[in-house]
**Student:** 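Below is one structure. I have some questions about it.
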Amino acid sequence: MSRLSVNTRLLRRIVVDFVREEIRKTGLKKGVLGLSGGIDSALVAFIAAEALGPENVHAVCMPYKSSNPDSEAHARVVAEACGVNFTVIPITPMVDAYFDRFPDADNMRRGNKMARERMTILFDHSALHGALVLGTSNKTELLLGYGTLYGDMASALNPIGDLYKSQIWQLSGEMGVPREVIEKKPSADLWAGQTDEQELGFTYREVDELMYCMVDLRMTTEELLAEGFAAEFIATVGEKIKNSHFKRRLPIIAKVSNRTIDRDFRYSRDWGK
Amino acid sequence: MDFTIALAQIKPKLGCLTDNLSLVEGAIERGIRERADLIVFPELALTGYFLKDLVPDLALGLDSPEIARLKELSRHIGIAVGFVEATGDYRFFNSALFLDGGEIRHLHRKVYLPTYGLFDEQRYLARGDRFRAFDSRFGRMGMLICEDFWHLSAPYILAMDGATTLLCLSSSPGRGLSEDESLGSTVAWQRLTATTATFLNSRVIYCNRVGFEDGVNFWGGSEAVSPSGVATSRGKLLEEDFVLATIREGELRRERIFSPLMRDENLPLTLRELARIDTEGGR
């Protein structure tokens, strides 16, 4: 854990300032986010409440009929604890209406559809409230590709995307996220009994340590082996990072002109802000 | 002489020349009001940092009305400010001007353009080709821009050229979070400014910006470091600030007596050895 330990007071300051400044420079003052009942979105709700004032944060809980009822209860506890606006919008009617046409669809298709359904609701609420959508994906899942492209990965800005799950736990403690939310097993909650670590096949603490050495410190495979990571684990995680890279990039464009967006037409997003 | 430096730890808006010029003018007026003799701004104070393809659009010629306005203001206070400079042959430099008494006293073009990690300067900017000290009414000075300061030879050359005050205009992104109280970039810079001041028996005046650009924070922490390597004034971390630092001639005099490293520095030996390394193709 030690390598991933961070000064949470300094981290808190940076991510809170980030949300405040990056939203205000667009001329807006509000944020909207999906509150699942899990730790990542709970932390973002706390960050946004501190940055913007809880009255300027809209948290939307969007359960599906198979979601664990505890999730909505936890989301409610979080919203009450940090004082943000809270709305529940069940997605069962929309999702089921679609899958009536595809009754044989597997869990992956259903889970992705749910994530994207939630995304459309958040972006609609962005227009409804004049608020930017806050991302809730952490660095661990972004690197592993453990998220739905244009679903839960979609946002206008993400205060926690450079934090490994182990650091999410630390900062959540610092910011006062309710204990029961910090301590429960992480789950995408797409189907009953699902847990992230079971599905991934390793624990967050293990993979965070590995990815910190691999990505942040750029250790070679030999160095990683010497650190005590198993060869198979190194290979599996390396493949996951590589194979999910498309999710972390904009769609690629067939280049024909001299100035192609993002290749030789390059501007910061904060251009003019 | 003793004099007062204002460190304008501002938050420029990316790509907004007019807004930033107002910001800079406001700080200059405050500096004049508060009786500072010299005001130092961050690197690229007039433009913001992650400019990318905006570079040519925001570049100013030395004869532009914006520079003329700053020259005019320098009748009341010395000004060191960073901007993108356009030359007649359409090269664009990450430059810093030292203005005083209504005139340009010195121009430095950033030599070491970082192009690694989160930096991409050499893609967009032309590289400066000299380090020169210059005389000012505050004594002989040298001016460097951010990454220049990390190359030992740059402050060394300026100090050997007689500079006793080294100005460093910076836009340093905050990064490297650990269990420490400060970010890795803060710790590294503070170590660097203190060490450079000590080794060269020179004052180091460091001005860094604050604010965010595309999620990257700039950590501030502008400081005046005495020739003994002690930060005598320091700006806040991660927020705007306006620091007034009193520079005492006595500190420089005492340090140069106490630890005469610059007096004893052997220039011919250094030149001989560098020439040998160059000849032998060791680099």
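Here is how names work: the chains are called A, B, and so on, in the same order as the sequence lines, proteins then strands, and each is numbered from 1. A quick note: this is a predicted structure, and the numbers were derived from the prediction, not measured. When reading the values below, keep in mind they use all heavy atoms of this one structure, side chains included, and skip hydrogens, waters and symmetry mates.
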**Student:** Is Asp120(B) close to chain A through its backbone or its side chain, or both, or neither, when contacts mean heavy atoms under 4.5 Å?
**Tutor:** side chain
**Student:** For atom CZ of Arg123(B), is the number of surrounding heavy atoms from other residues, nucleotides or ligands below 6.0 Å larger than 12?
**Tutor:** yes
**Student:** Is it the case that the side chain of Lys25(A) and the backbone of Phe212(B) share a donor-acceptor pair, with hydrogens and angles ignored and the cut-off at 3.5 Å?
**Tutor:** yes
**Student:** Taking all non-hydrogen atoms of both residues into account, name the closest pair between Leu14(B) and Ser268(A) and its distance.
**Tutor:** CD2-CB, 3.4 Å
**Student:** Is it the case that more than 12 heavy atoms not belonging to Lys255(A) sit under 6.0 Å from its NZ atom?
**Tutor:** yes
**Student:** Could you state the interatomic distance from NZ (Lys273(A)) to CG (Asp19(B)), rounded to the nearest 0.5 Å?
**Tutor:** 12.0 Å
**Student:** Report the distance from atom CG of Asn7(A) to atom CD of Glu181(B), rounding to the nearest 0.5 Å.
**Tutor:** 5.0 Å
**Student:** Atom CG of residue position Leu118(B) - does it have more than 12 heavy atoms of other residues, nucleotides or ligands inside 6.0 Å?
**Tutor:** yes
**Student:** So do the side chains of Tyr124(B) and Arg266(A) get within less than 4.5 Å of each other, counting heavy atoms only?
**Tutor:** yes
**Student:** Between Asp162(A), Asp17(A), Leu157(A), which shows the greatest number of heavy-atom pairs under 4.5 Å with chain B?
**Tutor:** Asp17(A)
**Student:** Kindly say whether Gly215(B) contributes a backbone atom to a donor-acceptor pair with the side chain of Glu22(A) at under 3.5 angstrom?
**Tutor:** yes
**Student:** Heavy-atom distance under 4.5 Å to chain A: side chain of Asp180(B), backbone, both or neither?
**Tutor:** backbone
**Student:** Would you say CG of Leu217(A) has more than 12 non-hydrogen atoms from neighbouring residues, nucleotides or ligands within 6.0 angstrom?
**Tutor:** yes
**Student:** Just how far is it from atom CZ of Phe18(A) to atom CG of Asn217(B), taken to the nearest 0.5 Å?
**Tutor:** 10.5 Å
**Student:** Does Glu213(B) pair with Arg269(A) as a salt bridge, N-O distance under 4.0 Å?
**Tutor:** no
**Student:** Would you give the length of the straight line joining atom CG of Leu4(A) to atom CD of Glu179(B), rounded to the nearest 0.5 angstrom?
**Tutor:** 10.0 Å
**Student:** Counting only heavy atoms not in Arg259(A) (residues, nucleotides, ligands), do more than 12 fall under 6.0 Å from its CZ?
**Tutor:** yes
**Student:** With a 6.0 Å cut-off (strictly less than), is the heavy-atom count around CD1 of Ile104(B), excluding the residue itself, greater than 12?
**Tutor:** yes
**Student:** Could you give the distance from CG (Leu11(A)) to OG (Ser178(B)), rounded to the nearest 0.5 Å?
**Tutor:** 11.5 Å
**Student:** Do you know which two heavy atoms are closest between Leu238(B) and Leu10(A), and how far apart they sit?
**Tutor:** CD1-CD1, 4.0 Å
**Student:** Output all residues satisfying side chain to side chain donor-acceptor pair (under 3.5 Å) with Tyr90(B), sequence neighbours left out; order by chain, then residue number.
**Tutor:** none
**Student:** Report, in residue-number order, which members of residues 218-225 of chain A are under 4.5 Å from chain B by heavy-atom distance.
**Tutor:** none
**Student:** How long is the straight-line distance from CH2 of Trp271(A) back to CG of Asp57(B), given to the nearest 0.5 Å?
**Tutor:** 8.0 Å
